[in-house]
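Please read the structure below before turning to the comments.
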Amino acid sequence: MSFNEKIRKYVLKEYVAEPDHNKEKFFVNFPYPYINGYLHIGHLFTALKADIIARFMRLRGKNVLLAQGFHATGQPIAAAAERIKEGEPKQIEMLKKMGVKEIEKFKDAKYWVEFFSKAAKEDLMAIGYSADWRRSFITTELNPPYDAFVKWQYNKLYERGFIYKGKHPVVYCPKCKHALGDHDRSEGEGIVPEEVSLIKFELEPKVYLMAMTFRPETTWGVTNLWINKEAVYKVYKVGDEKWILSKEGVESLKNQGIKGKEIAKIKGEELLEKEVKNLINGKKVKIYHGDFVDISKGTGIVMSVPAHAPYDYAALLDLKREGKGQEIELISLISLQGYGDFPAKEIVEKAGVKSSKEKEVLDALTKEIYKKEFHEGRLKSIFGKELEGLKVSEAKQKIIDILERKGIRVKYYILPEKVVCRCLTPAIVKVLEDQWFIKYSDKEWKNKVKEHIKEMKFYPENLRSVFLDAVDWLGDWAFTRDRGLGTRFPKDPSKLIESLSDSTIYMAYYTIAKYLENAEKYNIDVKKLNDKFFDYIFLGKGDIKNIALELGISEELLKEMKEEFEYWYDKGFEIRVSGKDLIKNHLTMMLFHHLAIFGKEKSPKGIAVNGYVMVEGEKMSKSKGNFYTIRDAIERFGIEEIRALAAYAGDVGLDDANYELSAAKSITQRMEWFAKVVNEYYKKGEKIREIRQEDAWALKELSRIVFKVGEYYENLMTKSAFQVAFFEIHNLIKRYLRRSVGRVNQSVMDELLKVATILISPILPHFAEYVWKEVMKEKGCVDDLEFPEYEIEDKSEIEEFEEYLEDLLKDIREIIKIVKVRPKKITIIIAEPWKYKMYELIKGAGTRNIKDLISLMKQQDFFKGREKEVIGLINKIIKLKEYEYLSKDSEILKLYEAKKYIEKEFNANLEITENHEKSNKALPFKPAIVVE
RNA sequence: GCAGGGGUCGCCAAGCCUGGUCAACGGCGCUGGCCUUAGGAGCCAGUCCCUUAGUGGGUUCGUGGGUUCAAAUCCCACCCCCUGCACCA
């Protein structure tokens with residue numbers, strides 16, 4: 001049986017969490033993973049942060065609640081099931097690769113959820129995730145009590161005025177008739193609708209040409225309009241106004257919810273050289289043809305601002321060449337350092353562009369000028385006092401407001417790049433009319449969240465400011481969807497609550513999931529669960545008698561549930577551990593919702609965040625071959641190895657973590673080594689009464705390690721904890737073994753081994769359990785022990801001497817290297833007393849100034865007769881290590897005690913002397929060394 | 001573009017907040033020695049450059065400046081990389 005199989009047998013106990021008022025509670029959780037496949041080692045990395053602190057806190061005597069649900073809300077599972085139904089080969093292949101049989105069953109989304117939630121639970125159990133599994137659950141309508149819980153939450157938010165209905169632009173497939181997420185697209189990933197402006201130019205009263213622009217500020221500098229004379233324009237009647245724009249433009253307006261009627265067509269030609277009025281300043285400008293006007297984009301009507309737009313200036317050159325547009329004069333709007341009044345003119349001339357047909361150059365110039373003017377340009381006086389001097393970037397919103405107030409501007413969305421649906425239909429922008437929002441923009445709400453953040457604990461601390469930023473940044477959230485799995489929004493049951501929005505306060509659900517997820521056992525009819533129930537449990541509202549009667553749940557049970565919630569959720573949960581990708585959405589939303597529903601008293605106490613997970617320095621991906629599910633990883637590396645690698649992959653924090661799979665082997669070897677040492681030495685050392693230098697030192701080192709490891713665990717710094725609780729402590733044990741030269745002090749060694757076992761148990765619980773029971777033959781579980789506590793003593797002679805000894809050994813090795821012989825005899829020559837006197841004097845002198853030190857030495861008895869030597873030594877002694885407690889006497893005494901050790905290290909005889917021909921080389925606490 | 005994070009001795013990676021004890025923890029890899037029939041494992045030592053019967057010197061922590069007696073660590077500028085930007089869980 002391999003070592004791994006041996007320790008794997010040590011199945012750990014079941015971790016049930018029950019309220020216990022004699023113990024302090026500790027509630028830690030990890031976001032429920034989305035279960036459209038097996039969990040992978042990225043999930044594991046974060047999950048183990050939770051498991052490790054849970055285990056640590058148990059050792060610290062806390063009553064720990066760790067529970068785990070699974071997430072099925074949203075589209076991926078529903079869409080995947082749909083694709084299986086359609087027989088899509090890719091999707092079927094994916095399932096096959098996962099080793100799944102009975103593909104047929106996966107036509108049903110429900111089966112996906114059942115199958116993978118079960119698998120996820122198995123995997124977490126296998127890896128030793130110490131959750132109370134009675135509290136596990138899945139989301140969506142598939143789980144009625146959870147469904148009722150989410151509905152309750154949204155009713156509360158609605159009642160409290162945090163929900164409203166509004167419009168929302170989305171990328172949309174006109175054929176499939178739904179919004180396109182990234183996964184629904186065959187082209188144009190990451191593209192979102194961009195808001196631009198349509199500016200009205202008056203042809204006749206109530207008849208307008210609708211020019212599209214990215215730069216509304218240039219409205220002030222329009223010299224003419226460009227249209228395409230070949231194109232056919234439409235007249236779209238909106239209210240009592242008639243808007244002239246391209247056919248495509250009209251289509252877009254319809255999709256964007258601007259209702260009207262197409263009443264006529266106009267050929268581009270017919271508009272040529274007509275005059276329109278610029279409504280911002282009353283100026284009349286003419287309409288001209290521009291070759292570059294692309295009818296398929298925008299409205300087919302473009303404002304001409306030749307002073308600031310390279311295209312417009314180039315087109316103006318074309319126009320003038322034809323003898324037209326002589327009346328046009330450039331209007332300067334923006335001052336830009338390094339340019340004159342007309343940046344576009346300058347840059348076009350400099351580039352040698354002669355015509356608007358030179359598309360590529362003009363595109364580049366446009367981009368350049370736009371960028372510069374937007375960020376550095378300042379508005380000139382033409383904009384009036386209110387705006388003058390502002391940067392364009394600062395003024396943009398104000399300008400939009402002014403234009404809207406005057407009724408000149410219409411909000412319009414475009415796609416900055418082409419987006420194509422999976423069905424190969426080009427996407428459009430659609431403004432959804434009946435979209436529900438959560439009002440995260442609410443100032444008062446934001447402030448409450450920010451106040452709370454100031455009092456929370458963050459792991460690591462620098463997250464606090466990140467969260468404060470996130471709260472400021474978060475805007476209103478469209479939380480309803482038409483497709484997928486989830487809970488229906490009670491106020492509009494045709495809509496589903498999307499996945500981030502149904503995950504905000506479910507940690508509270510864990511506290512009573514024990515009952516609701518085992519309803520038969522408690523005789524609860526989950527279909528009857530309603531808002532009154534949750535109001536009572538979570539908010540203490542309502543009349544318990546009536547509720548008991550209505551739901552058919554006994555008053556006692558209701559009280560018990562409520563108490564359980566109150567116990568675990570007292571002052572909120574202690575820690576939620578998550579990946580950093582959830583900071584700006586899920587975690588921040590979680591805080592908002594807690595403050596809104598439960599209030600400050602029951603809002604989260606702590607948040608821990610970790611970075612992205614890499615494997616062997618690369619992003620984990622199936623195509624790179626470094627993708628491991630938890631079950632693969634267990635098979636391949638072993639349970640404890642993969643736990644160790646996960647813990648060692650990184651500390652909590654924003655830095656990315658990295659699995660170093662190549663280290664797995666050495667972890668196995670270390671575990672085997674440790675088991676071997678325990679077997680050899682545990683309770684088998686020599687019973688030595690006195691505490692020798694090496695014993696005292698080892699114990700001091702041990703207490704230092706215990707302290708550090710405790711700190712690390714407490715702060716979820718699993719990497720650092722593992723390094724110390726595994727590698728460092730092993731090195732200590734190794735050194736102690738050598739240092740004590742065959743005379744191991746049993747009480748010391750037993751302590752070292754026992755503590756090492758306990759310290760590593762949160763990370764390697766199976767291994768610790770194996771060592772404890774099987775190798776040490778101890779009773780009980782490691783879990784039930786206490787995390788050791790030591791008094792931290794100040795530094796003393798003990799450590800100083802060990803440092804000294806290590807330096808000495810290093811120096812001896814150095815000499816041996818130089819001499820290139822195998823030494824038979826090593827002589828250590830201690831410096832003469834007067835040198836020690838010098839050392840003490842210099843140490844206490846409070847100065848390092850050579851002149852001062854020389855005059856100090858001149859006053860000493862020993863100075864006479866060795867003047868040169870003393871002065872020469874000052875420089876050397878200054879550079880020596882400063883020992884605070886070590887004295888010459890104890891140096892010699894302890895050296896004699898360590899004689900055997902040194903002799904063994906070098907396999908040579910050792911002599912310690914104060915009289916030797918080479919004693920001139922000896923320095924205080926840095927003896928001369930002679931090897932022969 | 002905006003926001004956040006980061007660039008450390010072959011690789012991974014500590015340290016930077018709270019300047020000195022930092023040539024810079026630790027792991028991996030590599031080299032040599034011990035052990036072993038051999039390999040593996042284990043153990044020990046080494047792993048920026050130079051020098052040495054002596055325990056020393058030099059040059060390093062993206063680049064360039066600055067502050068300081070003293071900087072990987074503080075300040076400024078620049079270069080490069082990664083991530084998020086909302087309907088995606």
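Protein chains get the first letters and strands the later ones, always in sequence-line order, with residue 1 at the start of each.
- With sequence neighbours excluded, no residue forms a ring-ring contact (aromatic ring centres under 6.0 Å, His included) with A/F707.
- Judged as a side chain to side chain contact (heavy atoms under 4.5 Å, CB included), and not counting sequence neighbours, the contacts of A/R483 are A/Q75, A/H178, A/D184.
- Residues meeting the side chain to side chain contact (heavy atoms under 4.5 Å, CB included) test with A/S720, sequence neighbours left out: A/D651, A/Y712, A/M717.
- Shown here are the side chain to side chain contact (heavy atoms under 4.5 Å, CB included) partners of A/T718, two or more places apart in sequence or in another chain: A/K49, A/I52, A/A647.
- For the ring-ring contact (aromatic ring centres under 6.0 Å, His included) test, residues two or more places apart in sequence or in another chain that qualify with A/F801 are A/Y804.
- Applying the ring-ring contact (aromatic ring centres under 6.0 Å, His included) criterion to A/F30, with sequence neighbours excluded, gives no partner residue.
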Give me, pair by pair, the N or O atoms of the protein and of nucleotides 18-20 of chain B that are less than 3.5 Å apart, along with how far apart they are.
none

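- Sorted by first and then second residue, the pairs that involve residues 722-731 of chain A and meet salt bridge (Lys or Arg N to Asp or Glu O under 4.0 Å), not counting sequence neighbours, are A/R704-A/E728, A/K708-A/E728.
- Residues passing the ring-ring contact (aromatic ring centres under 6.0 Å, His included) test with A/Y839 are A/F925, sequence neighbours excluded.
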Taking only N/O atoms, report every protein-nucleotides 21-28 of chain B pair under 3.5 Å with atom names and distance.
unit_1 : atom_1 : unit_2 : atom_2 : d
B/C25  : O2     : A/Q723 : NE2    : 2.9
B/G26  : O4'    : A/Q723 : NE2    : 3.2
B/G27  : O4'    : A/Y648 : OH     : 3.3
B/C28  : OP1    : A/S666 : OG     : 3.1

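- With sequence neighbours excluded, the residues that form a side chain to side chain contact (heavy atoms under 4.5 Å, CB included) with A/A79 are A/R83.
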Between the protein and nucleotides 31-36 of chain B, are there any N/O to N/O pairs under 3.5 Å, and if so, what are the atom names and distances?
none

